Amino acid sequence: MKVDVLLGLQWGDEGKGKIVDVLTPKYDIITRFQGGPNAGHTLEFNKIKHVLHTIPSGIFRDDKLNVIGNGVVIDPVIFKKEIEGIKAIGIDLSKNLFISKKAHLILPSHRILDAASEAAKGKSKIGSTLKGIGPTYMDKTGRNGLRVGDILTNFDEKYKALVEKHGEMLDKYFSFEYDLSEYEAEWFEGIKLLQEFQLIDSEQFLNDSLKNGKSILAEGAQGTLLDIDFGSYPFVTSSNTVCAGACTGLGIAPNKIGEVIGIFKAYCTRVGMGPFPTELFDEVGTELRVKGNEFGSTTGRERRCGWLDMVSLKYSIMINGVTQLTMMKSDVLDDFDTIKICTGYKLDGKEIDYVPYEMTADIKPVYTEFKGWKTDMTSMSNENEFPEAFKAYVDFIEKATGIAITVVSVGPNRSQTIERK
Ligand code: GDP
Ligand code: IMO
Ligand code: MG
């Protein structure tokens, strides 16, 4: 068996959580491979709306195993809150949630370092979710990090040594007021809870599962344009959000990857700082934000909105080896008279059709216009119901990318999902 990977092709919040939940019945195991509680994945079904941060979005389906892979970073405080929130809906996770011993821990002092670093950057800040992601991955690659498996051994000593080091860094490089004590107490409560879960060698478990005929879906967090190598650096997150990240974040060999499902919104959003060529600052941008309810699932921040960017979409498809596309939030465009897709960038007087080294603010989008379909699509359940103008929009994207759009989403609910033949 192979591992199918589902990942975002834009700047995150494409609707990954919803689609992973929809696809879960087809798989035995759902697993997260990178990122941490900077992610906010929203699921809606049976009048329940739930946002997940660290836990894979397969958790609400019976009899499925969910694995937090080695590439993920975990904040025990947020993890505990998530577990309690899911328990409150009557779901017991002790048997179907496994956690990699090699996943790294976000310490309270990582969060402080994140906040201090952002404050020191001033106007050039990243717009981080301030969950401690950057400093935790820095300690991972700097070979200083604490891993989940460490909580089974002489943990206190290792914890104290790392916090001391962080204290020295904060004193030396940042003038930043902080108090760890309150968060630290909650953090150790979270560590206790983590100890109750099955902490495993997940690379072994996942490869054995494949050998035994189990099917696996890997759930990306963030999006390709936030990837540490291929995103709009430095305005990115600190992990590899692309398909290759599923290999390193799970211990799966490249030849074990099956379908790569690339997911994108019918328009585009971004939260945080950094370039965004198709961003709209006018009433159209506001309309997209209001109709699409574009407010961050993790931080509540307003998401910046704009038209679909075909140049960066094609780039993301290339980097990930996408084999099928899923288009989300088509319904948000239901009322527009005219809809635009950016099909080229104008930079230094020349038109280009690729993502340049730096996605600077100087890029001017070149648009192709489409007639709006002016039809409420939210209760449609079959592609035969699609209005002609919508079909033309889908057709254009498929031709431009060379990849089939196999799923169209027309609302936030599980049921508002249309498979195409
Ligand atoms: P993720 O981080 O990729 O999982 O996406 P988020 O959950 O952060 O953001 C996607 C938002 O859009 C959530 O509020 C979803 O409930 C909502 N959503 C998902 N699909 C659709 C859709 O097809 N139409 C509409 N209107 N909302 C959707
Ligand atoms: P999901 O999985 C959208 C953005 C932040 C910031 C940058 C760095 O829900 O799609 P970080 O906290 O990682 O240091 O922030 O990345 N960002 C996201 N934007 N969706 C996310 O996750 C994001 N996770 C991080 O806004 O610009
Ligand atoms: Mg999100």
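Whatever order the structure lists them in is the order used to number ligands and atoms, beginning at 1. Quick caveat, the model's predicted, so the values are computed rather than measured. We count residues from 1, following the sequence as given.
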Please say whether the positively charged group of K214, taken as NZ for Lys or CZ for Arg, lies over the ring of Y27, i.e. under 6.0 angstrom from the six-membered ring centre and within 45 degrees of the axis.
no
Going by atom types alone, do D75 and Y183 pair a side-chain donor with an acceptor below 3.5 Å?
yes
Name the residues with a heavy atom less than 4.0 Å from ligand 1?
D13, E14, G15, K16, G17, K18, G40, H41, T42, E44, S297, R303, M328, K329, D331, V332, S409, V410, G411, P412
Against E294, only a single residue in R289, R304, R270, K265 fulfils salt bridge (charged side-chain N to carboxylate O under 4.0 Å, His left out); can you say which?
K265
Ignoring hydrogens, what is the shortest heavy-atom contact between [X] and [Y]? Give both atom names and the distance.
{"X": "D334", "Y": "M377", "result": "OD2-N, 2.8 Å"}
{"X": "G251", "Y": "N70", "result": "N-OD1, 3.9 Å"}
{"X": "G40", "Y": "H53", "result": "CA-ND1, 3.8 Å"}
{"X": "I363", "Y": "E358", "result": "CD1-O, 4.5 Å"}

Relative to each other, are the rings of Y393 and F370 parallel, tilted or perpendicular (30° and 60° limits)?
perpendicular
Give every donor-acceptor pair under 3.5 Å between a side-chain atom in residues 216-230 and any protein atom, sequence neighbours left out.
unit_1: E219; atom_1: OE1; unit_2: S57; atom_2: N; d: 2.7
unit_1: E219; atom_1: OE1; unit_2: S57; atom_2: OG; d: 3.4
unit_1: E219; atom_1: OE2; unit_2: H41; atom_2: ND1; d: 2.6
unit_1: E219; atom_1: OE2; unit_2: S57; atom_2: OG; d: 2.7
unit_1: Q222; atom_1: OE1; unit_2: Q34; atom_2: NE2; d: 3.1
unit_1: Q222; atom_1: NE2; unit_2: N38; atom_2: OD1; d: 3.1
unit_1: T224; atom_1: OG1; unit_2: G8; atom_2: O; d: 2.8
unit_1: T224; atom_1: OG1; unit_2: N320; atom_2: ND2; d: 2.9
unit_1: D227; atom_1: OD1; unit_2: N240; atom_2: ND2; d: 3.1
unit_1: D227; atom_1: OD1; unit_2: T241; atom_2: N; d: 2.8
unit_1: D227; atom_1: OD1; unit_2: V242; atom_2: N; d: 3.4
unit_1: D227; atom_1: OD2; unit_2: D229; atom_2: N; d: 2.7
unit_1: D227; atom_1: OD2; unit_2: F230; atom_2: N; d: 2.8
unit_1: D227; atom_1: OD2; unit_2: N240; atom_2: ND2; d: 3.3
unit_1: D229; atom_1: OD2; unit_2: N240; atom_2: ND2; d: 3.0

Around K125, counting heavy atoms of other residues, nucleotides and ligands shown, do more than 12 lie under 6.0 Å from its NZ?
no
Are the aromatic rings of W187 and F79 close, with centres under 6.0 Å apart?
no
Please check if the distance between the ring centroids of Y159 and F188 is under 6.0 Å.
yes
In this structure, CG of L347 is separated from NZ of K364 (nearest 0.5 Å) by 9.5 Å
Give every protein N, O or S atom lying under 2.8 Å from the Mg ion (ligand 3), naming each by residue and atom.
D13 OD1, G40 O
Measure and list all N/O to N/O distances between ligand 2 and the protein that fall under 3.5 angstrom.
unit_1: ligand 2; atom_1: 2 (O); unit_2: H41; atom_2: NE2; d: 2.7
unit_1: ligand 2; atom_1: 2 (O); unit_2: Q222; atom_2: N; d: 2.8
unit_1: ligand 2; atom_1: 9 (O); unit_2: D13; atom_2: OD1; d: 3.0
unit_1: ligand 2; atom_1: 9 (O); unit_2: G40; atom_2: N; d: 2.9
unit_1: ligand 2; atom_1: 9 (O); unit_2: G40; atom_2: O; d: 3.1
unit_1: ligand 2; atom_1: 10 (O); unit_2: D13; atom_2: N; d: 2.8
unit_1: ligand 2; atom_1: 10 (O); unit_2: D13; atom_2: OD1; d: 3.4
unit_1: ligand 2; atom_1: 10 (O); unit_2: K16; atom_2: NZ; d: 2.7
unit_1: ligand 2; atom_1: 12 (O); unit_2: S128; atom_2: OG; d: 3.3
unit_1: ligand 2; atom_1: 12 (O); unit_2: T129; atom_2: N; d: 2.9
unit_1: ligand 2; atom_1: 12 (O); unit_2: T129; atom_2: OG1; d: 2.5
unit_1: ligand 2; atom_1: 13 (O); unit_2: N38; atom_2: ND2; d: 2.9
unit_1: ligand 2; atom_1: 13 (O); unit_2: T237; atom_2: OG1; d: 2.6
unit_1: ligand 2; atom_1: 14 (O); unit_2: S128; atom_2: OG; d: 3.1
unit_1: ligand 2; atom_1: 20 (N); unit_2: D13; atom_2: OD1; d: 3.1
unit_1: ligand 2; atom_1: 20 (N); unit_2: D13; atom_2: OD2; d: 3.4
unit_1: ligand 2; atom_1: 22 (O); unit_2: Q222; atom_2: NE2; d: 3.4
unit_1: ligand 2; atom_1: 24 (N); unit_2: Q222; atom_2: NE2; d: 3.2
unit_1: ligand 2; atom_1: 26 (O); unit_2: G127; atom_2: O; d: 3.4
unit_1: ligand 2; atom_1: 26 (O); unit_2: V271; atom_2: O; d: 3.0
unit_1: ligand 2; atom_1: 26 (O); unit_2: R301; atom_2: NH2; d: 2.9
unit_1: ligand 2; atom_1: 27 (O); unit_2: V271; atom_2: O; d: 3.2

